[in-house]
Amino acid sequence: MRELPHSWFADDAVLIAPKLLGKIVRHGETLGRIVETEAYTTDPASHGRVITPRSRIMQDTYGHWYVYFTYGMHYCANVTTNKVGVGAVLIRAVEPLEGLNLMRERRGQKDPRQLASGPAKFAQAFGINKTQNGLPIQGDFTIYDAPAPPEQIVAGPRIGIKAGTELPWRFYLADTPYVSGARRPKSA
DNA sequence: TACTGGATTCACT
DNA sequence: GTGAATCCAGTAA
């Protein structure tokens, strides 16, 4: 398999997010197919709306991992994008392909559909934490090229936590049981 | 220095 | 459908 070259991540996050579907992500022994993504740029729901020490990586790099810690217990993994601006794509769900026993051990779950069907589930199953933050997408923690049938790519509902604001762009593959059960906004 | 709330998940009703 | 868990980045003072 061929690794995605650094230049592949130079475009805007909203363009990269659907193109990531079907690609193969690997961290060590764990391997899976990306089935759900979400694009963040400078919208109100994004860390990139204000550049801080944490979010600076969204502005300063592309083709790197941006891993952050949230809700006191979860990690989420993004790829940074956009050579000339601010952007990142959150990996929301992955279909497990290799290293399932290791994922089951890390997750405490047997059902393959419960191993990586959510951004924090993916991070836990693949052993991702803040030590991976800022690493380039290559080597031991990388993404391989793979074809994604265009007819299976679905553009979101634009789910977000702040009703009435500009929401992130979410994309997923149809006809897989491995996508997340993302919640709708609490109120319209 | 103190406070607030979160790009989530899970258990429970 | 609802709420708890849990800690850190960001913000205001």
Side-chain angles (χ1 to χ4, degrees), chain A residues 9 12-18 20-21 25 30 32 34-62 64-82 85-96 103-135 137 143 154-173 177-188:
Chain A
F9 299 93
D12 190 273
V14 177
L15 299 177
I16 298 287
L20 268 177
L21 296 174
V25 59
T30 50
I34 299 171
V35 296
E36 186 176 332
T37 60
E38 199 161 58
Y40 288 89
T41 57
T42 55
D43 58 86
S46 169
H47 296 168
R49 70 189 181 281
V50 177
I51 299 303
T52 65
R54 181 176 66 167
S55 65
R56 180 169 297 278
I57 187 172
M58 291 176 67
Q59 181 182 73
D60 290 354
T61 74
Y62 60 100
H64 284 63
W65 292 104
Y66 168 38
V67 182
Y68 66 88
F69 185 65
T70 191
Y71 290 101
M73 59 182 75
H74 297 304
Y75 291 100
C76 295
N78 301 246
V79 302
T80 62
T81 66
N82 199 329
V86 177
V89 176
L90 174 67
I91 298 178
R92 291 194 56 89
V94 166
E95 174 186 348
M103 295 186 203
R104 288 190 182 100
E105 193 176 310
R106 286 169 172 160
R107 290 274 302 128
Q109 291 274 354
K110 290 183 179 178
D111 186 347
R113 292 169 299 186
Q114 292 301 322
L115 293 178
S117 56
K121 295 179 185 177
F122 159 65
Q124 186 180 19
F126 278 65
I128 298 165
N129 56 56
K130 64 180 178 183
T131 63
Q132 277 82 41
N133 185 41
L135 295 179
I137 300 173
I143 299 176
V154 181
R158 299 191 65 192
I159 291 177
I161 53 170
K162 290 185 174 64
T165 64
E166 183 106 353
L167 301 178
W169 290 99
R170 178 169 165 262
F171 301 90
Y172 60 93
L173 286 182
Y178 299 99
V179 295
S180 77
R183 290 189 186 185
R184 302 303 187 100
K186 286 169 185 169
S187 57

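We name chains A, B, ... by the order of the sequence lines, and we start the count at 1 in each one.
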Check: Mind checking what makes side chain to side chain donor-acceptor pair (under 3.5 Å) contact with A:Arg104, not counting sequence neighbours?
Finding: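 A:Arg104: side chain to side chain donor-acceptor pair (under 3.5 Å) contacts with A:Asn101.
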
Collect all protein-nucleotide pairs involving nucleotides 10-13 of chain C in which both atoms are nitrogen or oxygen and the distance is under 3.5 Å.
| from | atom 1 | to | atom 2 | distance (Å) |
| --- | --- | --- | --- | --- |
| C:dG10 | OP1 | A:Thr52 | OG1 | 2.0 |

Atom [atom1] of [X] to atom [atom2] of [N]: distance rounded to whole Å?
X	N	atom1	atom2	result
A:Tyr75	C:dA9	OH	P	10 Å
A:Lys121	B:dA11	NZ	P	10 Å
A:Gln109	B:dA11	CD	P	7 Å
A:Phe122	B:dT9	CZ	P	12 Å
A:Gln124	B:dT9	CD	C1'	9 Å
A:Asp111	B:dC10	CG	C1'	15 Å

Item checked: C1' gap between C:dG3 and B:dG5, integer Å ->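 Comparing C1' positions in C:dG3 and B:dG5 gives a spacing of 15 Å.
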
Check: Could you spell out the base pairing of DNA chain C in dot-bracket, with Watson-Crick or G-U pairs whose two distances are under 3.5 Å, [ ] crossing and | to another strand?
Finding: |||||.||||||.

Notebook entry, point to check: Looking only at side chains, do A:Arg107 and A:Gln124 share a donor and an acceptor under 3.5 Å apart?
Noted result: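 Yes - a donor-acceptor pair under 3.5 Å links their side chains.
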
Note to self: For A:Thr80 and A:Thr61, which I'm curious about, is there any donor-acceptor pair between the side chains at under 3.5 Å?
What the structure shows: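 Yes - a donor-acceptor pair under 3.5 Å links their side chains.
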
Heavy-atom donor-acceptor pair, [X] side chain to [Y] backbone, under 3.5 Å:
X	Y	value
A:Ser55	A:Val50	yes
A:Asn82	A:Asp12	no
A:Thr37	A:Ala17	yes
A:Gln59	A:Arg56	no

When you compare the protein's N or O atoms with those of nucleotides 5-8 of chain C, which come within less than 3.5 Å of each other, and at what distance?
| from | atom 1 | to | atom 2 | distance (Å) |
| --- | --- | --- | --- | --- |
| C:dT6 | O3' | A:Gly72 | O | 3.4 |
| C:dT6 | O2 | A:Tyr71 | O | 2.5 |

Next item on the list: Under the ring pair (Phe, Tyr, Trp, His ring centres under 6.0 Å) rule, collect the residues that match up with A:Tyr68, sequence neighbours excluded.
Entry: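 Only A:His47, A:Tyr66 meet the ring pair (Phe, Tyr, Trp, His ring centres under 6.0 Å) criterion with A:Tyr68.
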
Check: Residues two or more places apart in sequence or in another chain: which of them pass ring pair (Phe, Tyr, Trp, His ring centres under 6.0 Å) with A:Phe9?
Finding: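 Ring pair (Phe, Tyr, Trp, His ring centres under 6.0 Å) check on A:Phe9 returns nothing, list empty.
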
Next item on the list: Determine if A:Tyr68 stacks with B:dA7; use a centre-to-centre distance below 5.5 Å and an interplanar angle below 30° as the criteria.
Entry: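 No, aromatic ring not over the base.
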
Next item on the list: Indicate yes or no: does A:Arg170 engage A:Glu38 in a salt bridge with an N to O separation below 4.0 Å.
Entry: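 No.
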
Margin query: Counting only side-chain nitrogens and oxygens, does A:Arg170 get under 4.0 Å of the OP1 or OP2 atom of B:dA7?
Written below: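 Answer no for this pair, as no side-chain N or O of A:Arg170 is under 4.0 Å from OP1 or OP2.
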
Next item on the list: Apply side chain to side chain contact (heavy atoms under 4.5 Å, CB included) to A:Ile143 and A:Val79, showing your working.
Entry: CA-CA 10 Å; A:Ile143 299 176; A:Val79 302; 3.8 Å; yes

